[in-house]
Participant: 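This is the structure I want to talk about, given as structure tokens.
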Number of protein chains: 2
Amino acid sequence: MNLKQLAAHLNLSQTTVSRALNGYPEVNKDTRTRVLEAAQALNYAPNARAKGLATGRAMAIGHVIPSSKQHEMVNPVFGDFVAGASEEYVKAGYDMTLSLTDDRDEEENYRRLKAKGNVDGLIVHGPKMADARIPFLIGLGLPFVVHGRASDLAQPYSWVDVNNTRAFRRATEFLIDLGHQRIGLINGLEFMDFAHRRRMGYDAALAARGLAPDPRLMASDEMTEPYGFAAASRMLALDQPPSAFLVSSLISAIGVRRAIHAAGLEMPRDVSVITHDDDLSYLRNGPDVPVFTATRSSVREAGRIAAALLLRHIAEPGRPAEQHLLEAQLILGASTGPAPLSRI
Amino acid sequence: MNLKQLAAHLNLSQTTVSRALNGYPEVNKDTRTRVLEAAQALNYAPNARAKGLATGRAMAIGHVIPSSKQHEMVNPVFGDFVAGASEEYVKAGYDMTLSLTDDRDEEENYRRLKAKGNVDGLIVHGPKMADARIPFLIGLGLPFVVHGRASDLAQPYSWVDVNNTRAFRRATEFLIDLGHQRIGLINGLEFMDFAHRRRMGYDAALAARGLAPDPRLMASDEMTEPYGFAAASRMLALDQPPSAFLVSSLISAIGVRRAIHAAGLEMPRDVSVITHDDDLSYLRNGPDVPVFTATRSSVREAGRIAAALLLRHIAEPGRPAEQHLLEAQLILGASTGPAPLSRI
DNA sequence: CGACATGTTCAAAGCGGTTTGAGGCGATTC
DNA sequence: GAATCGCCTCAAACCGCTTTGAACATGTCG
């Protein structure tokens with residue numbers, strides 16, 4: 001069923017039917033209802049390609065997810081972010097397209113996305129500290145919003161990010177307040193911007209309290225469970241082991257907990273743990289009392305905000321770039337306590 | 001840059017340029033290279049909407065993810081599945097579009113997807129035991145492949161699934177062989193087809209070995225960590241607690257492990273655990289020796305297979321429905337051991 | 001009663017590609 | 001030298017929609 005057939009069926013011109021369906025004023029009220037009913041009954045829906053071609057708008061947003069061959073991990077955060085964004089897209093009648101790109105030919109990829117014309121805007125995931133994609137995209141002229149941000153970039157661009165520095169600074173200070181002096185940092189890959197910022201927060205807190213940073217208490221890698229286990233095990237085996245851990249992901253924190261148990265220790269009696277918690281739907285940090293004390297920020301909410309921001313930019317092309325900084329909550333769970341005297 | 005401009009730039013007709021780009025034989029070799037080079041240099045890419053309109057093919061596959069408001073969980077398996085599927089799409093030049101649908105107006109949704117014409121085929125996720133979507137989609141005439149399957153459906157349709165029944169039957173038998181008599185099943189929602197089948201496997205193994213099923217040793221819910229913890233804690237508090245658990249997801253298994261520790265027990269000394277393991281990139285079950293003994297089947301691989309199957313069906317419309325049953329491997333990890341005499 | 005709004009409908013021209021059927025051109029054949 | 005044959009290239013139609021500019025009733029006013 002296409003417009004032509006629908007029009008013929010109604011003994012109307014395509015013009016009139018199109019106008020009736022799209023809410024233009026110059027259509028008789030009765031005609032409009034007649035058209036709408038027929039469209040419903042014959043379940044007609046305009047062909048998106050034809051509509052896009054005619055209007056010049058794709059009514060679709062692209063999500064670009066980096067997934068290199070080396071560490072071909074799909075960010076576990078991704079599902080929830082997309083779910084949040086999708087809520088906004090559905091409201092606005094937009095579709096969502098996904099492209100996983102190898103970071104080798106990424107520029108080429110963006111250029112194609114634009115040339116092919118099947119998206120009106122992009123959400124960029126997983127920004128690195130100095131991310132060449134961003135200046136490139138600014139030059140490309142396709143509206144985009146970054147989930148996260150890149151450091152040291154002169155030009156303004158739109159992003160939605162968590163205040164990672166502050167979150168980790170607060171968490172570190174909280175541990176210091178509890179009497180912990182040796183605090184292990186089990187971070188993500190530090191060329192990723194979020195991990196870099198968390199590291200800065202951790203460093204700043206130590207410095208502010210006059211504690212010397214110890215490289216042996218810092219790890220950085222892809223945030224898996226085995227990584228959390230391995231890094232924490234290594235640190236716990238040191239001469240002066242940490243009495244607390246600050247972890248960048250709930251999944252790694254689970255590995256840290258495993259390491260603590262494997263070392264014959266108890267959490268939080270012997271070792272405290274604070275983790276970042278993206279509030280993922282399938283990885284709830286305890287239903288009522290959180291298992292882990294955590295810096296929490298909903299990634300689903302971030303998805304909603306980023307999508308709304310992008311849609312606004314598409315609707316008002318002149319609009320200047322906008323930033324949205326979310327503050328993580330420091331929520332108290334069952335994984336932190338005073339530093340044990342024996343281990344200070 | 002569009003075809004017209006490119007053709008003008010080259011002093012050729014649109015036809016010739018189009019043919020040159022699409023590899024038709026009736027183009028002079030020199031002309032073709034000239035065209036290809038110019039396209040590259042001016043980075044021309046055909047507009048996907050126009051191309052789609054002209055050819056009648058969208059060159060895109062839709063993934064439909066159910067996400068009801070009640071249990072608005074995004075399946076954690078999703079990211080990896082999509083990554084696998086994407087590998088195939090990229091090879092074949094297809095795009096991927098995502099739609100999260102509330103299961104209320106799902107049929108309406110599929111109908112629109114077809115009418116709008118922006119996908120050539122669908123991947124259906126998360127089938128329930130009796131899933132009305134499948135007969136509906138067969139009627140709709142849009143090629144589709146189900147990730148998983150639905151029970152009790154007369155008509156043939158294409159699916160890719162793990163042999164859940166056999167996997168859980170084998171796992172249960174393995175536990176029985178180790179001397180376990182009381183085995184707790186911590187399953188997903190049993191109206192989901194995969195969970196139903198796992199339950200059948202568990203039941204069959206008990207029956208075959210003459211063990212009476214005990215409803216108190218069976219739980220079924222959304223597979224989160226806290227659920228694993230709560231269900232296992234409850235079972236461990238019984239008069240006759242289980243000496244082993246069979247768990248439907250690695251995430252829930254982590255909760256089960258926590259419950260075991262919280263009860264002052266050791267895994268596997270006091271309690272054994274086998275879990276299903278989707279081999280997710282961010283949730284590796286140990287780097288070398290697996291932490292958990294598991295029924296393992298790569299969901300990323302399933303994504304690849306499902307995508308390839310769907311593309312084949314699109315390429316050859318007459319092709320009969322095809323099924324692909326993956327066998328899960330039973331991999332031995334550090335979470336299983338003989339049943340302790342004290343607890344039999 | 002003609003002029004003029006007003007409200008409603010229409011035919012036709014794009015949007016950017018693909019594809020059909022026809023035409024131009026140099027080489028080969030009679 | 002004319003006819004024929006390939007090989008390339010072209011103009012034009014078409015895909016399904018939006019949108020412009022014009023046409024057509026109908027009613028209103030001077």
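A, B, ... follow the sequence lines: proteins, then strands. Residue 1 opens every chain.
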Participant: When you measure from the side-chain N and O atoms of A/N2 to the phosphate of D/dC15, is any distance below 4.0 Å, counting only OP1 and OP2?
Facilitator: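 Negative; the distance criterion is not met.
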Participant: Which part of the nucleic acid does A/T15 contact within heavy-atom distance under 4.0 Å: base, sugar-phosphate only, or nothing?
Facilitator: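 Base contact - A/T15 has a heavy atom under 4.0 Å of at least one base atom.
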Participant: Could you check B/R19 against B/A45 and say which one's nearest nucleotide on DNA chain C is further toward the 5' end?
Facilitator: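 The 5'-side residue here is B/A45.
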Participant: Let me know the distance between CG of B/L6 and P of C/dT18, rounded to the nearest Å.
Facilitator: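 For the pair B/L6 CG and C/dT18 P, the rounded distance is 11 Å.
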Participant: For C/dG17, does either OP1 or OP2 sit under 4.0 Å from a side-chain N or O belonging to B/N47?
Facilitator: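 For C/dG17, neither OP1 nor OP2 has a side-chain N or O of B/N47 closer than 4.0 Å.
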Participant: Compare all side-chain heavy atoms of B/P127 with those of B/R149 and state whether any distance is below 4.5 angstrom.
Facilitator: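 B/P127 vs B/R149: side chains apart.
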Participant: Of the nucleotides D/dT18, D/dG16, D/dC8, which has the atom closest to the A/T55 side chain?
Facilitator: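 Ranking D/dT18, D/dG16, D/dC8 by closest atom to the A/T55 side chain puts D/dT18 first.
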Participant: Ion pair present between A/R57 and A/D120, side-chain N to carboxylate O less than 4.0 angstrom?
Facilitator: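 The answer is no: the pair does not qualify as a salt bridge.
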Participant: Please confirm whether any donor atom in the side chain of A/T31 sits under 3.5 Å from an acceptor in the base of C/dT9, or the reverse.
Facilitator: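 It does not, because no donor-acceptor pair links the side chain of A/T31 to the base of C/dT9 below 3.5 Å.
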Participant: Phosphate oxygens OP1/OP2 of C/dG16: is one of them under 4.0 Å from a side-chain N or O of B/K51?
Facilitator: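 The answer is no; no side-chain N or O of B/K51 sits under 4.0 Å from OP1 or OP2.
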Participant: What's the closest nucleotide to the B/L53 side chain, out of D/dC15, C/dT18, D/dC17?
Facilitator: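 Side chain of B/L53 sits closest to D/dC15.
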Participant: Write down the distance between NZ (A/K4) and P (D/dC15), rounded to a whole number of angstrom.
Facilitator: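 Atom-to-atom, A/K4 to D/dC15, this comes out as 6 Å.
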Participant: Quick one, A/N75 and A/I65 - any side-chain contact, counting heavy atoms below 4.5 Å?
Facilitator: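 No. Closest side-chain heavy atoms not under 4.5 Å.
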Participant: With A/T15, which residues qualify under side chain to side chain donor-acceptor pair (under 3.5 Å), at least two apart?
Facilitator: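 Checked A/T15 against side chain to side chain donor-acceptor pair (under 3.5 Å); zero matches.
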Participant: By nearest nucleotide on DNA chain C, pick out whichever of A/E26 and B/Q14 is the more 5' one.
Facilitator: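 Comparing both residues, the 5'-ward one is A/E26.
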Participant: Counting only side-chain N and O atoms of A/Y24, is one of them less than 4.0 Å from OP1 or OP2 of D/dT19?
Facilitator: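 True: A/Y24 side-chain N/O within range (under 4.0 Å) of D/dT19 OP1/OP2.
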Participant: Output the rounded distance in Å from CG (A/L12) to C1' (D/dC24).
Facilitator: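 Between C1' of D/dC24 and CG of A/L12: 15 Å.
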Participant: Counting just side-chain N and O atoms, does A/T16 come under 4.0 Å of either OP1 or OP2 of C/dT9?
Facilitator: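 The answer is no; no side-chain N or O of A/T16 sits under 4.0 Å from OP1 or OP2.
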Participant: Using the six-membered ring wherever Trp is involved, compare the ring planes of B/F144 and B/Y157 and label them parallel, tilted or perpendicular (cut-offs 30° and 60°).
Facilitator: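 The rings of B/F144 and B/Y157 lie parallel, inter-plane angle below 30°.
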Participant: Just to confirm, is there a sub-4.0 Å distance from OP1 or OP2 of C/dG17 to any side-chain nitrogen or oxygen of B/S18?
Facilitator: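 No, B/S18 has no side-chain N/O under 4.0 Å of OP1/OP2 on C/dG17.
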Participant: Specify the separation, in whole Å, of atom CZ of B/R49 and atom P of C/dT18.
Facilitator: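 So the CZ-P distance, B/R49 to C/dT18, works out to 14 Å.
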